[in-house]
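The sequence lines fix the lettering, A, B, ..., with proteins before strands; numbering per chain opens at 1.
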Amino acid sequence: MRTLSLRNVSAILPSMKIASWNVNSIKARLTHVKDWLATAQPDVLLLQELKGLEFPDMEFTALGYHSKCVCQKSYNGVATLSKSDIDVICDYLPNPGEDDQARYLEADINGLRVINIYLPNGNPAPGEKFDYKLGWMDRLYARLKALREARVPFLVGGDFNVIPEDRDCYDATAWEGDALFRPESRAKFRALLNLGLYDAFRIFNSEPGQYTFWDYQAGRWQKNQGIRIDHFLCSPEVTDRLANCAIDRDPRGKEKPSDHTPVIVEVNRP
DNA sequence: ATGTCACTCAACGAGTGA
């Protein structure tokens with residue numbers, strides 16, 4: 001009798017499901033997140049905008065998830081949940097300066113480098129906050145460039161607070177001048193792509209009207225007047241392993257929802 | 001549509017950020 005090689009065993013395992021979700025307060029959204037984990041069953045979930053120092057890690061342990069978080073009082077905050085061990089590489093954007101805000105968590109999970117980001121909003125623009133956003137994007141660029149040069153297969157997911165193209169916005173005119181849509185922000189987003197990264201969603205979907213965020217105000221959700229600002233960018237090695245990328249609109253339609261909804265990628269095992 | 005939601009301080013609402 002022949003024994004399966006490790007490679008063959010690996011090949012028959014299901015793909016790894018990795019999701020990202022800006023929850024706009026983990027305290028306010030705990031039930032939503034637990035319910036979604038139970039139905040969607042992702043292997044990894046990247047959370048952004050936790051908005052507090054307390055992170056309910058035991059709630060997720062009870063559901064079979066390890067967790068690592070970077071927290072800050074009142075604002076920002078990111079956490080990575082995973083069914084497998086999380087080996088934290090860095091909990092701040094390392095280069096070429098240091099972060100005073102909780103927006104970055106880089107970790108190895110199942111041999112894959114998974115980076116969770118909450119990119120600064122940057123409004124009002126122009127101004128100090130917009131400058132901070134652009135500087136943060138420069139530092140992200142430097143970090144991802146280093147990973148590319150070191151040939152580290154990775155994916156970076158999270159709330160990028162950037163509308164990449166006109167088709168990612170219900171009304172380009174309405175968003176003109178906004179920090180999420182300004183040419184400077186979009187140019188820096190394209191610079192990330194020019195490192196050789198791929199926008200996972202656009203590998204599998206080309207239609208307009210596909211959004212991840214709808215403002216609470218003015219019935220934007222009911223009218224599907226949203227923007228696509230939550231993304232997964234993948235290095236070429238990971239892009240070659242992509243099985244799918246999709247937006248799950250369901251959580252946005254629940255009672256007391258976050259203004260964002262999850263994005264999910266499926267990555268085949270190597 | 002000046003439209004909502006969540007945070008904090010200190011309060012029973014105002015200011016801030018998204």
Inset, instruction - Give a yes/no verdict on a cation-pi contact between A:Arg228 and A:Tyr211, requiring under 6.0 Å between NZ or CZ and the six-membered ring centre and an angle within 45° of the axis. - result: no
Legend entry - Steps toward side-chain contact (heavy atoms from CB on, under 4.5 Å) verdict (A:Trp21, A:Trp36): CA-CA 11 Å; A:Trp21 190 7; A:Trp36 192 74; 3.8 Å; yes
Inset, instruction - Mind checking A:Arg220 for me? I need base, sugar-phosphate or nothing, with any heavy atom below 4.0 Å counting as a touch. - result: nothing
Legend entry - Nearest-0.5 Å distance that lies between atom CD in A:Glu49 and atom CG in A:Asn121: 8.5 Å
Inset, instruction - From the options B:dA18, B:dC7, B:dA6, select the nucleotide whose nearest atom is closest to the side chain of A:Lys129. - result: B:dA18
Legend entry - Minimum-distance nucleotide to A:Tyr216 side chain [options: B:dA18, B:dA6, B:dT4]: B:dT4
Inset, instruction - May I ask you to say what A:Tyr118 touches in the nucleic acid, namely base, sugar-phosphate or nothing, with a heavy-atom cut-off under 4.0 Å? - result: sugar-phosphate
Legend entry - Distance in angstrom units between A:Asn24 CG and B:dG17 C1', rounded: 10 Å
Legend entry - Spacing of A:Gln101 atom CD relative to B:dG17 atom C1', expressed in whole Å: 11 Å
Legend entry - Integer-rounded Å distance: B:dG17 P and A:Lys133 NZ: 15 Å
Inset, instruction - Give a yes/no answer on whether the side chain of A:Lys73 brings an N or O atom under 4.0 Å of OP1 or OP2 in B:dC9. - result: yes
Legend entry - Short side-chain N/O contact to B:dA18 OP1/OP2 from A:Lys51, under 4.0 Å: no
Inset, instruction - Let me know the distance between CG of A:Asp215 and P of B:dG17, rounded to the nearest Å. - result: 17 Å
Legend entry - Interatomic distance, A:Asn121 CG vs B:dG17 P [rounded to whole Å]: 11 Å
Legend entry - Residue mapping more 5' on DNA chain B - nearest nucleotide basis, A:His260 or A:Arg29: A:Arg29
Legend entry - First encountered from the 5' end of DNA chain B, between A:Asp259 and A:Leu53: A:Leu53
Inset, instruction - Please report the shortest heavy-atom distance between A:Phe204 and A:Cys245, naming the atom on each side. - result: CD1-N, 3.4 Å
Inset, instruction - Give the rounded distance in Å between these two atoms: CG of A:Asn22 and P of B:dC5. - result: 16 Å
Inset, instruction - Write down the distance separating the P atoms in B:dT16 and B:dA10, rounded off to the nearest Å. - result: 14 Å
Legend entry - Nearest listed nucleotide, side chain of A:Gln217, among B:dG17, B:dA6, B:dT4: B:dT4
Legend entry - Euclidean distance, A:Leu155 CG relative to A:Arg241 CZ, rounded to 0.5 Å: 9.0 Å
Legend entry - A:Leu50 CG to B:dC5 P, straight-line distance once rounded to whole Å: 21 Å
Legend entry - Nearest-angstrom distance from the residue atom OH of A:Tyr75 to P of B:dT8: 9 Å
